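A short worksheet on the structure shown next.
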Amino acid sequence: MLAILSYIGIILLLINSVAYFLRFKNNNSAYKCFTVYLVGIFIIQTATVGMALNGLNNLFLSGYYLFYQFILLSLFFYRLLLPSDRKKADMVKYASGITLAGLILHYVLDPAVYYTVNTTGFLITSILLIGYCLLYLFELLSKKSVFNYITIGIFIYLISSTLVFFSTASALTATLSDDMFYVLWIINIILFNIYQLLILWEWKQHFFYKTIK
């Protein structure tokens, strides 16, 4: 089931990448940041699955996923918040910049982490991105805007991912059975697929017939 759900997620991600790319030229910078994010994540996910099927070690790809997701989604939220609230946009910019510098320093001081899953890095960046989601969702309380389904999807998926990474931390590893790990990853992939469906629904609702400046 895990493999089937993973393939479904990649197919949905491919559909979203193509759909958003078709409207890339005439939409605003937030849309373009998110489109680049989708395309890049699709490439990384495909490479990860391909290497796994061929029995190759793909753990190093998690670092690329970590940096790519954090940078592109930070840019996405910065561009979303900038027109309406410069202070919140600056919060995203400086928090992301400091975190990115810290991550780079971590990899420089401990190169071995490149070949593992950087659990701490995923936890920190996921928590920050969840915070950015909340900042934008608060903006939506006072006005109607686009990217609301995408933001909700990011929020749900990152909450799930954070719980999974937290549960696999060394302090909890010994207390969880293999079956529990399997269930956690199944839930995570299901929520990733729901996230992709929300992205597709956003495109249908707001971008299928028009462009957003």
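Quick note: numbers below take in every heavy atom, side chains included, and nothing from hydrogens, waters or symmetry partners. The model shown is predicted, which means the values in this text are computed figures rather than measured ones.
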With heavy-atom distances below 4.5 Å as the criterion, would you say the side chains of Leu81 and Lys93 are in contact? no
Any idea how Tyr195 and Phe192 line up, ring-wise: parallel (<30°), tilted (30 to 60°), or perpendicular (>60°)? perpendicular
Look at the side-chain heavy atoms of Ile, Leu, Val, Met, Phe, Trp and Tyr, link any pair under 4.5 Å apart, and say whether Leu14 and Leu22 land in one connected group. yes
Are any non-hydrogen side-chain atoms of Leu66 and Tyr107 less than 4.5 angstrom apart? yes
Ser96 versus Leu100: any side-chain heavy-atom pair under 4.5 Å? no
How long is the straight-line distance from CG of Asn16 back to OG1 of Thr35, given to the nearest 0.5 Å? 10.0 Å
Shortest non-hydrogen separation from Arg86 to Leu82 and the atoms involved: CD-CD1, 3.2 Å
Distance check, rounded to the nearest 0.5 Å: Phe42 atom CZ versus Leu13 atom CG? 6.5 Å
Are Ile152 and Tyr157 co-members of a hydrophobic cluster defined by side-chain heavy atoms under 4.5 Å apart? yes
Output yes when a side-chain donor or acceptor of Ser161 lies under 3.5 Å from a complementary backbone atom of Asn188, and no otherwise. no
At their closest point, which heavy atom of Cys133 faces which heavy atom of Ile154, and how far apart are they? SG-CG2, 3.5 Å
Please enumerate all residues that pass side chain to side chain contact (heavy atoms under 4.5 Å, CB included) together with Lys32, with sequence neighbours excluded. Phe24
Check: Leu123 main-chain N/O paired with Ser126 side-chain donor or acceptor under 3.5 Å: no
Nearest heavy-atom approach of Gly9 to Gln196 is O-CG, 4.3 Å
Taking the side chain as C-beta and beyond, is there a heavy-atom pair between Ser74 and Tyr132 under 4.5 Å? yes
Looking at CD1 of Ile41 and OG1 of Thr46, how far apart are the two atoms once the value is rounded to the nearest 0.5 Å? 10.5 Å
Relative to each other, are the rings of Tyr31 and Phe207 parallel, tilted or perpendicular (30° and 60° limits)? perpendicular
Does Asn54 use its side chain to pair, donor to acceptor, with the backbone of Leu56 at less than 3.5 Å? no
Membership question, hydrophobic clusters at under 4.5 Å side-chain separation (ILVMFWY): are Val113 and Leu105 in the same one? no
Would Ile130 end up clustered with Leu80 when hydrophobic side chains under 4.5 Å apart are linked, directly or stepwise? yes
Per side chain to side chain contact (heavy atoms under 4.5 Å, CB included), Thr151 is matched among Leu134, Ile156, Leu137 by Leu137
Please round to the nearest 0.5 Å and tell me the distance separating atom CD1 of Ile15 and atom CG of Leu200. 7.0 Å
Test item: side-chain donor near acceptor, Ser84 and Glu139, under 3.5 Å: yes
Once rounded to the nearest 0.5 Å, what's the spacing between atom CZ of Arg79 and atom OG of Ser29? 4.5 Å
Hey, any chance Ile190 and Ile187 share a hydrophobic cluster, counting ILVMFWY side chains that come within less than 4.5 Å of each other, even indirectly? yes
So which atom in Leu191 and which in Ser160 form the shortest heavy-atom distance, rounded to 0.1 Å? CD1-CB, 3.2 Å
Using the rule given for ring-ring contact (aromatic ring centres under 6.0 Å, His included), can you reason through Phe147 versus Phe76, listing the C-alpha separation, both sets of side-chain angles and the distance that settles it, and then say yes or no? CA-CA 10 Å; Phe147 300 111; Phe76 171 67; 5.3 Å; yes
With distance as the sole test, does Trp201 use its side chain to make a donor-acceptor pair with the main-chain N or O of Tyr149 at under 3.5 Å? no
Could you go step by step and tell me if Phe77 and Phe34 meet the side-chain contact (heavy atoms from CB on, under 4.5 Å) rule? CA-CA 9 Å; Phe77 283 111; Phe34 194 75; over 6 Å; no
Whether the side chain of Thr125 engages the backbone of Phe122 through a donor-acceptor N/O pair (distance < 3.5 Å, no angle test) should be reported. yes
So, using side chain to side chain contact (heavy atoms under 4.5 Å, CB included) as the criterion, who are the partners of Asn58 when residues are at least two apart? Thr48, Met51, Ala52, Leu61
Look at atom OH of Tyr68 and say whether more than 12 heavy atoms of other residues, nucleotides or ligands are closer to it than 6.0 Å. yes
How close do Ile150 and Glu202 get, counting heavy atoms only, and between which atoms? N-OE1, 3.0 Å
Taking the side chain as C-beta and beyond, is there a heavy-atom pair between Phe21 and Leu38 under 4.5 Å? no
Between CD1 on residue Ile124 and CG on residue Leu103, distance to nearest 0.5 Å: 6.5 Å
Phe60, CZ: over 12 other non-hydrogen atoms inside 6.0 angstrom: yes
Leu73 side chain near Tyr37 side chain, heavy-atom distance below 4.5 Å: yes
Who passes salt bridge (Lys or Arg N to Asp or Glu O under 4.0 Å) against Asp110, sequence neighbours left out? none
If only atom types and distance count, is the side chain of Asn193 paired as donor or acceptor with the main-chain N or O of Leu5 below 3.5 Å? yes
Heavy-atom side-chain contact between Gln45 and Tyr65 under 4.5 Å: yes
Tell me whether Tyr115 at atom OH has more than 12 heavy atoms from other residues, nucleotides or ligands lying less than 6.0 Å away. no
Looking only at non-hydrogen atoms, find the nearest pair between Val146 and Tyr136 and report the distance. O-OH, 2.7 Å
Counting C-beta onward and ignoring hydrogens, is there a side-chain heavy-atom pair between Leu129 and Phe155 closer than 4.5 Å? no
